[in-house]
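Beneath this line is the structure, given in structure tokens, with notes to follow.
Side chains are part of it too, since the values below use all heavy atoms of this structure and drop only hydrogens, waters and symmetry mates. Numbers here are sequence positions counted from 1.
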Amino acid sequence: MTLTFFYQPRPRGVFSFAGLSYIQSVNTITPSEARRLYLHSQGLYGRDYGRGKAGALNVIEHIGYVQIDTIAVVERAHHHTLFTRVKDYKKSYLDELMEKDKAIFEYWSHAAAYLPMRDYRYSLPRKKLFADGKQHWFKGQKPVQYVYDRIKAEGALQSKDFEEKRAAKGWYEWKTTKQALEQLFMAGQLMVAGRRNFQKVYDLTERVLPQWVDASMPTEREMARHLILGAIDASGFAAAAEISYLRRAQQEPVRKALAAMLKSGELQELKVNGLKDTLYTTAEKLEELDSIRAQKGIHILSPFDNAIIQRRRLVNLFDFDYTIECYVPEPKRVYGYFVLPVLYGDTFAGRLDAKADAATQTFIIRNMWVKEGFRVSETFLKAFAKALKKFAAFNRCEMVKLAKTSLDRASHTALKELLK
């Protein structure tokens, strides 16, 4: 059966934005349509990025970045995010794309991330802030010239290549040469040439950056348009606050660019029935609704997956209130240290407290919660068991051990049997 979704323009009228008034139509879609357009745009609802390394690059270029994180309860976030979108993903692809192909680079998005090399110039405004004196997490003098001169003379180096005695006060107490490396990195004088055992290898930017890359500073207007169009392409639609998320300096330029793009017809205003937020999209994105087909696949997502970064959107569109609790003191945790959201079709069905035990090659499900009101069917259990086995294999685990769930006894037993 083919499902076709329609959007309905509201009557045209006078629209006011950023002090400007002009005629603009407003498109209205249902929450169900919004969920499907969002997930499809995020690559979690029927979009095919292709296979292999090319597929991994397509994902990064389309959703704009993949967040890097060090937590390894299960496979790290950057690999996990790509695994959910590329059918035959291998961890070696990221290293090859960065070190050999130079198709991606490491820098800061809203957090540390792999970014498309084609978007390199849009990292320059942030780099200029640091080059002009902005500090990266730490204060005080750092031996930046010494560190820079050594890398210039000796070639690419890691933090461990700079010997320095210091008192260990905690994981956040970096030695001053590490601070200098990161300051130079954030300022754009150094780039990450690769990683060894997940530790950064730093080199001079001019020795890492490919010659074909446009390294010209974008104008304020260009930067705003890049953020707007990138957010809409990755998510189907976006609110102004989401577009400039954690980019305070870009808030006013984004507002101005939105007004201009609405006036020219390049963007369209979008409303979702029952929600107050004003959203922005393109005619092309709205047309995608006609081609989106119903999906019932399961994705076990990383807490740092691009699709769940905007927590307010999860609540408004999916009625899913999610908090990553590794930053919450243990006595205050509701679910667990590193709990993974479970997406079933266009519904967040629950969450999973799991751990990949490398020593025993066992994927341990310490607990699994089904969202209140979600109907657990035989179809869901079979799809969930299949997804768990696949994810366990990606985590180099041969067995899946089910401990606790919020399922009724019959469903818990059935899932346990399916996992054997």
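- Electrostatic pairing of Asp305 and Arg85 counts as a salt bridge here, judged by a charged N lying under 4.0 Å from a carboxylate O.
- Side-chain N or O atoms of Lys102 include one that pairs as donor or acceptor with a backbone N or O of Val208 at under 3.5 Å.
- In this structure a side-chain-to-backbone donor-acceptor pair under 3.5 Å is present from Asp214 to Ser216.
- Annotation: His80 is in aromatic contact with Phe391 [ring centroid separation under 6.0 Å].
- Note: Tyr202 and Phe185 have perpendicular aromatic rings, judged against thresholds of 30 and 60 degrees for the angle between ring planes.
- Using the six-membered ring where Trp is involved, Phe320 and Phe348 have ring planes that are parallel, under 30° apart on the 30 and 60° scheme.
- Tyr89 places no side-chain N or O within donor-acceptor distance of the main-chain N or O of Gly52, the cut-off being under 3.5 Å.
- Counting non-hydrogen atoms of other residues, nucleotides and ligands closer than 6.0 Å to NZ of Lys389 gives a total above 12.
- The number of heavy-atom neighbours closer than 6.0 Å to NZ of Lys355, taken from other residues, nucleotides and ligands shown, is 12 or below.
- In this pair, Phe374 and Phe380 present their aromatic rings perpendicular. The plane angle is above 60°, beyond the 30 to 60° band.
- Note on ring orientation: taking the six-membered ring where Trp is involved, the planes of Phe304 and Phe338 are tilted (angle from 30° to 60°).
- Between Lys90 and Glu96 there is no salt bridge, since no side-chain nitrogen of the basic residue lies less than 4.0 Å from a carboxylate oxygen of the acidic one.
- Between Phe318 and Tyr38, the ring planes lie tilted relative to each other; the angle falls in the 30° to 60° range.
- In terms of modelled atom types and a separation under 3.5 Å, the side chain of Thr205 and the main chain of Gly188 share a donor-acceptor contact.
- A salt bridge links Arg396 to Glu75: one of the charged nitrogens lies within less than 4.0 Å of a carboxylate oxygen.
- Using a cutoff of 4.0 Å between basic side-chain nitrogens and carboxylate oxygens, Glu325 and Arg351 are not scored as salt-bridged.
- Residue Arg312 qualifies as open at atom CZ: its count of foreign heavy atoms under 6.0 Å is 12 or below.
- The existence of a salt bridge linking Arg36 and Glu33 is excluded, since no basic side-chain nitrogen approaches an acidic carboxylate oxygen closer than 4.0 Å.
- Between the side chain of Thr281 and the backbone N or O of Gln268, no donor-acceptor pair lies under 3.5 Å.
- Ser123 places no side-chain N or O within donor-acceptor distance of the main-chain N or O of Asp119, the cut-off being under 3.5 Å.
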